[in-house]
Amino acid sequence: MAFCDLKPVCVVDDVKGSSYIIGSVFAVYGIGSEPPTVYSWDMIKSVAVSRKNIRVETLDKIYTITNKMFDSDEDLLRAIALIECRQKEYRFGYQHEQRLFPLKSSYVEVSPGKETYVGEDVLDEGDTAAAFIMLLNFKLVKILWLIGLMIALITFGILHLTVGVTRGNMLYFILISAAAGAISALLVNLITHAVARGRFKSIADADFAARKPITFVVSRKGFAACESCVYESRDLVPWDEVDYFIESDKMFILYKNNVPAAYIPKRAFEKKFVGGVADIIALSLEQR
């Protein structure tokens with residue numbers, strides 16, 4: 001099983017005086033010498049991970065562990081990794097915020113092989129936002145042309161109905177209509193780009209790994225984009241877990257069901273290895 005060597009995480013609730021252990025089991029220690037309540041993961045109904053807390057619902061009770069209870073971000077990330085690995089095995093309900101990287105339940109334990117490239121980097125907000133906008137431009141280009149043409153025709157029609165088209169003013173009306181269409185398309189483009197940046201920021205704020213060092217691995221067997229503090233070198237996401245990829249000048253974006261599943265920045269690897277990384281991704285996935 002992937003991430004099988006991760007150490008359990010102990011979380012202390014100073015207010016209630018209780019503590020929680022997240023590991024091979026989910027255990028709750030009460031005040032004083034009371035015996036702990038131990039739940040095997042098949043006794044867990046659901047887990048919800050939000051940007052504020054982890055909510056664990058067992059067969060008889062609900063426990064809420066706030067993010068502030070963790071000693072460090074690394075402990076929080078390790079706890080989430082442990083939960084996602086157990087969810088893959090025991091299939092309890094799992095809710096989470098949108099992520100920039102694959103869930104730990106996507107990983108399998110496999111030997112990467114000889115042709116493997118490994119790098120580490122913090123995902124750059126500017127580069128990733130630019131990738132968001134590049135992807136948006138692919139979808140917008142036809143729509144913007146249609147919007148510009150439609151506004152130009154509407155403007156020309158309004159001018160014709162209100163002023164009247166003659167040989168003397170037709171050229172001016174065409175230029176005015178074209179300008180109106182171009183300005184409208186530009187405004188739509190600017191607004192949509194602002195929305196895309198806001199969407200990326202929202203996802204990055206919800207993903208605890210967004211500003212942490214990430215280990216990136218690309219091999220014939222699969223890939224990894226995982227927090228360095230929890231990554232284990234033999235764990236990969238098989239290529240059949242993603243459908244296709246899009247390449248920008250700064251990164252590879254891997255897709256699953258038309259949704260970005262992972263962002264792999266080129267700068268995470270030495271320049272001399274970027275070509276090899278590109279070759280493996282291209283041979284493993286369809287490019288769009």
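One is the number of the first residue; the rest follow in order along the sequence. Because only heavy atoms are used, hydrogens play no part in the values below, and waters and symmetry mates are left out as well, while side chains stay in.
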Enumerate, atom names and distances included, each donor-acceptor pair closer than 3.5 Å involving a side-chain atom of residues 74-85, sequence neighbours excluded.
unit_1, atom_1, unit_2, atom_2, d
D75, OD1, R78, NH1, 3.0
R78, NE, K7, O, 2.9
R78, NH2, P8, O, 3.2
E84, OE1, K104, N, 2.8
E84, OE2, Y94, OH, 2.8
E84, OE2, R99, NH1, 2.8
E84, OE2, R99, NH2, 3.1

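Counting heavy atoms from C-beta outward, T64 and K52 have side chains that stay 4.5 Å or more apart. Side-chain contact between E97 and S50 is present, with at least one heavy-atom pair separated by less than 4.5 Å.
Partners of Y117 according to the ring pair (Phe, Tyr, Trp, His ring centres under 6.0 Å) rule, which considers only residues two or more places apart in sequence or in another chain, are F273. For Y107, the ring pair (Phe, Tyr, Trp, His ring centres under 6.0 Å) partners at least two apart in sequence or on another chain are F3. Looking at residues two or more places apart in sequence or on another chain, you find no salt bridge (charged side-chain N to carboxylate O under 4.0 Å, His left out) involving D13. Residues passing the ring pair (Phe, Tyr, Trp, His ring centres under 6.0 Å) test with Y29, sequence neighbours excluded: none. With sequence neighbours excluded, the residues satisfying ring pair (Phe, Tyr, Trp, His ring centres under 6.0 Å) with F92 are W41. Judged as a salt bridge (charged side-chain N to carboxylate O under 4.0 Å, His left out), and not counting sequence neighbours, R55 has no contacts. By the salt bridge (charged side-chain N to carboxylate O under 4.0 Å, His left out) test, E270 is found to be paired with K272, residues two or more places apart in sequence or in another chain being considered.
For R220 and E115, the salt-bridge test passes: some basic side-chain N is under 4.0 Å from an acidic carboxylate O.
Between L123 atom CG and R211 atom CZ the span is 10.0 Å, to the nearest 0.5 Å. Between the CD atom in E109 and the CG atom in D235 there is a gap of 6.0 Å [rounded to 0.5 Å]. Note that CD of E232 and SG of C226 are 8.5 Å apart. Values are rounded to the nearest 0.5 Å.
Side chain of S228 to main chain of P213: a donor-acceptor pair is present (N/O by atom type, distance under 3.5 Å, no hydrogens or angles).
For S18 against G30, the heavy-atom pair with the smallest separation is CB-CA, 4.3 Å. In terms of heavy-atom proximity, A225 sits nearest to P102 at O-CD, 3.7 Å.
Residue pairs meeting the ring pair (Phe, Tyr, Trp, His ring centres under 6.0 Å) criterion with at least one partner in residues 208-240, sequence neighbours excluded, are F223-W239. Counting only residues at least two apart or in different chains, salt bridge (charged side-chain N to carboxylate O under 4.0 Å, His left out) contacts with residues 37-46 comprise K45-E57. Screening residues 253-265 for salt bridge (charged side-chain N to carboxylate O under 4.0 Å, His left out), with sequence neighbours left out, gives D243-K256. Within the structure, the salt bridge (charged side-chain N to carboxylate O under 4.0 Å, His left out) test picks out no pair touching residues 18-27 (sequence neighbours left out).
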